[in-house]
Number of protein chains: 2
Amino acid sequence: MVNTTQEKILNAATEIFLLKGPDGARMQEIADAAGINKSLLHYYFRDKETLYLSVFKNVLKDLVPALTSVLGSDKPLTEKISDFLELYIGFIQTNPLLPHFIVTETTRNPERLLMAFSQLPRQSLNDRLKSDILKSIERGEIKPIDPNQLIINIISLSVFPFIARPVMSSFLDIGFAEFDILLEKRKKEVAQFVINSLK
Amino acid sequence: MVNTTQEKILNAATEIFLLKGPDGARMQEIADAAGINKSLLHYYFRDKETLYLSVFKNVLKDLVPALTSVLGSDKPLTEKISDFLELYIGFIQTNPLLPHFIVTETTRNPERLLMAFSQLPRQSLNDRLKSDILKSIERGEIKPIDPNQLIINIISLSVFPFIARPVMSSFLDIGFAEFDILLEKRKKEVAQFVINSLK
DNA sequence: GTCTATAGCGGGATAGAC
DNA sequence: GTCTATCCCGCTATAGAC
């Protein structure tokens, strides 16, 4: 892992773009963060849009393997859910800005990001998960529930608290440090909550 | 309700700001949407920042009464939760961009918005809700759970699917129309899911 | 109160030396 | 490959007539 100029730019750009979005981010700021000159950005990435898309692709590259590793296993559904939450929430903890970035950018400009998104091998995972849920219902292991709704529930419970950290900690009237303790506990807490609801 | 110029500006600005955020929004675009001249914006609101803050305050004014009306009742907790979800999800359906806006802006610039947020009478509601939950646990009506976690869960389940509509509908591989049907069903779905988990 | 015209500058992008 | 210098457009904001 040599720290090439290209990598330094990509890392700096990732940080700034995730924090401020494509409109708020300044090329100068990215150059400063990378410790290089502004015009060198244009040498490696033609323009801001190109750099932005590179950042996005680079960032998703980290996300998908994390998902795959968990959902692909052949454990029973409830264990899979626990494993998923443990790993997924942990992943988000180390990339806390990522969910918000993805949500914001897909909202503002669906085509731009969803194209890149759809290239990823996310489809099979999703199908697999849905059929797991349906089978589990057939066998009477869990209560009947629309698989789509269950998936939405699990992802909502995992992701939203990170996305809404400032609002939620203000709303609950607790400090950020205390809120982060709550978040850490959610790996187990949410698994319990979901499984309780299913059995 | 006379449609004064000031109101026309505020409405137009709300629409644009919610959609594009303070960086992406253009004063020209807001003027066009309001059907007036660009410099008239500066006549009514000194500068972009002032206009932006006015929009935010104006928009929160709608949100808080909606919360208050539900959480203030004295029904039993599970009914309260059902009522909350029915009304809150309905509210979001008519203001689908609002949650995302609040989340984005409090993330990017916590001081700016959380100051305005903290002026609202949100505190008492929150305390009331927490003590309701604790009492309900004491009476053995619901399983023990950290009130903060339960509140986070309920809000996550309500809000996140709207915030992440483009990502989720792409991830689940269903169209927007079909996804909206899922969302509508969530008023009952989520209540069921939460109450199942608690009893 | 509402307009036209324009100032002023921030920031993306390019030219060209080294 | 990396830099300095600069162009130039877009956008906020203001001046000033009506």
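Chain letters run A, B, ... following the sequence lines, proteins first and then strands; every chain starts at 1. Side chains are part of it too, since the values below use all heavy atoms of this structure and drop only hydrogens, waters and symmetry mates. A quick note: this is a predicted structure, and the numbers were derived from the prediction, not measured.
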Worksheet item: Looking only at heavy atoms, what is the nearest atom pair of Ile30(A) and Ala12(A), with distance?
Response: O-CB, 3.7 Å
Discussion item. Can you confirm whether more than 12 heavy atoms, excluding those of Lys143(B), are under 6.0 Å from its NZ atom?
Written reply: yes
Worksheet item: Relative to each other, are the rings of Tyr52(B) and Phe17(B) parallel, tilted or perpendicular (30° and 60° limits)?
Response: perpendicular
Practice prompt. Mark yes or no for whether Asn95(B), through its side chain, and Phe91(B), through its backbone, hold a donor-acceptor pair below 3.5 Å.
Written response: yes
Worksheet item: Taking OP1 and OP2 of dT2(C), is either one under 4.0 Å from a side-chain nitrogen or oxygen of Tyr44(B)?
Response: yes
Fill in: Under-4.0 Å side-chain N/O to phosphate OP1/OP2 contact, Thr5(A) with dG1(D)
no
Practice prompt. Determine, for nucleotides 4-18 of chain C in 5'-to-3' order, which nucleotides have protein heavy atoms under 4.0 Å from the base (write B), from only the sugar-phosphate (write S), or from neither (write -).
Written response: B------SBBB----
Practice prompt. Kindly indicate, with the supporting measurements, whether the criterion side-chain contact (heavy atoms from CB on, under 4.5 Å) is fulfilled by Leu198(B) and Ile81(B).
Written response: CA-CA 11 Å; Leu198(B) 291 177; Ile81(B) 291 173; 4.0 Å; yes
Response to the item:
In whole angstroms, the gap separating P of dC3(C) from OH of Tyr43(B) amounts to 12 Å
Practice prompt. Round to a whole Å and report the spacing from CG of Asp32(B) to P of dC11(D).
Written response: 11 Å
Worksheet item: Any side-chain heavy atom of Leu10(B) sitting closer than 4.5 Å to one from Leu51(B)?
Response: yes
